[in-house]
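Quick notes on the structure that follows.
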Amino acid sequence: MAEPTIIKRNKALSVGPLKASSTLGATLAFLGMRRSIPMLHGSQGCTAFGKIFFIQHFREPMPIQTTAMDQVSTIMGGDESIVEGLATICAKHQPALIGLPTTGLVETQGADVPRAIQMFRDQHPEYAEVAVVPVASPDYSGCIETGFNTAVKAIINDLVPKATAAGTRPGRRPRQVNVLAGSALTTGDLEHLKDLLERFRLRPVLLPDIADSLDGHLVDSDYSALTIGGTPLDELSTLGDAAATLVIGGSMNGAADLLAERTGVPDHRFPHLMGLEAMDRFISTLAEISAEPVPERIERQRSQLQDAMLDAHFSIGQGRFAIAADVDLLVAFSQLLASMGAETVAAVAPTNAPSLAEVAAAQVKIGDLEDLEQLARANAAEVLITNSHGTHTAERLGIPLLRAGFPQFDHVGGWQRQWIGYQGSRQILFDLANIMLGLHKGEIAPYRSRLKQWPEHEREQAA
């Protein structure tokens, strides 16, 4: 399929914003590290707004702090706010890692965050064991995917030693596989990924692992100031000994490039893991890395997906879909729908990215939910796929909505739904087929033979 035409943003504001900020993406990455806490450098309101998004989506308390800059520190400089905040967190909570994402306020101000961290190191040598990782993630640049990738790159740059310094060697741990999974993957997706690798007798190390830290924790205390679960920092020193690195999502290519440069570990990159073709390639890669045969259970799941494709194509084929999502999710859904004979008639992404070339649509609009609504109406879309902010858009269009992406605040369990794999793809097809059947699409009318001798009282009904 030819590459889509990218239509750039042509208005100075967002009506029905689609984008979640890169600050949130960076924060999400730090929440996947064990005994960590993100401290957002900016005003208290910026942090509170993002925290609400996370709480509504994950239904969990979120350990997030802020430097709480006011009008004075905004004008005069916020270095002291960083030093004081870092010292307070270290003294009270003894974290393993403090992430320091910036907001649009301090990036506009021109804050020198590395200099402030050095001031903290000079004034508080007693906290030398606490890792502090700064990330430039202004709200006005990029989206949740770019912020997530930038934070993972910063973690690799600051905490993963070079192979020459650490003495690591690719393949020394032949069963270990590093996994760089993009922000589009849910906690359910990550759990499924780990299960797949373990079926091939591989040991996955996810960087980061939000499935272990943001899903399913009930502790004795009412609240933990640090993340519970996630990737331990001491695992980072072993990444250079892994047999391979799996990269899920084009948004993670920057982090993957840096990790390969640091460690020399070969990587395998996958735009997504939805649909038969994508999963076949992934499973073949796991079989090659592990030198193990494909488990019968996985072969069975593949057969089930093939059967689901056969069952659902009557309803989904030739369907007209409108999608608004971050780039990785947009690529995945559009390609899955194209494999079923459906058409993505409206595609909207919050930011531009090289991966948009892989979207299976005639064009992609860089924009917001207003752009999606206009395109969907003009192109007679039948089903809408986007996050919970698309609820009112779907109502105005008078078409059903499949919730996907971040945030999902009006349904419980969206954060843990499994979209990837043979099983996840199968469930997507069933859901979409049922939605189309609700629109009376793909129904098979009963066959009535013209040659049948109908009784008089049935003839009029048959006609």
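Numbers here simply count residues along the sequence, with the first being 1. Fair warning: this is a prediction, and the values are worked out from it, not measured in the lab.
- A salt bridge does not link R34 with D234: every distance from a Lys NZ or Arg NE/NH1/NH2 to an Asp or Glu carboxylate oxygen is 4.0 Å or more.
- Atom CD1 of I248 is separated from atom CG of D189 by 10.0 Å, given to the nearest 0.5 angstrom.
- A side-chain contact (heavy atoms from CB on, under 4.5 Å) with V113 is found for exactly one of V106, I82, D79, namely I82.
- The aromatic ring centres of F282 and H268 sit 6.0 Å or more apart.
- Within the 3.5 Å criterion, the main-chain N or O of G16 finds no donor-acceptor partner in the side chain of S14.
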request  = Kindly indicate, with the supporting measurements, whether the criterion ring pair (Phe, Tyr, Trp, His ring centres under 6.0 Å) is fulfilled by F406 and W415.
outcome  = CA-CA 8 Å; F406 178 89; W415 77 90; over 10 Å; no
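- With salt bridges taken as basic N to acidic carboxylate O contacts below 4.0 Å, none links K19 and D368.
- Residues S355 and V327 come closest through the heavy atom pair CB-CG1, 3.6 Å.
- Formation of a donor-acceptor pair under 3.5 Å by the E198 side chain with backbone atoms of D195 is not found in this model.
- Between the side chain of H313 and the main chain of L310, a donor-acceptor pair closer than 3.5 Å is present.
- The two residues L193 and L185 come nearest to each other via the heavy atoms CD1-CD2, 3.7 Å.
- Not a single donor-acceptor pair under 3.5 Å links the side chain of S251 to the backbone N or O of E145.
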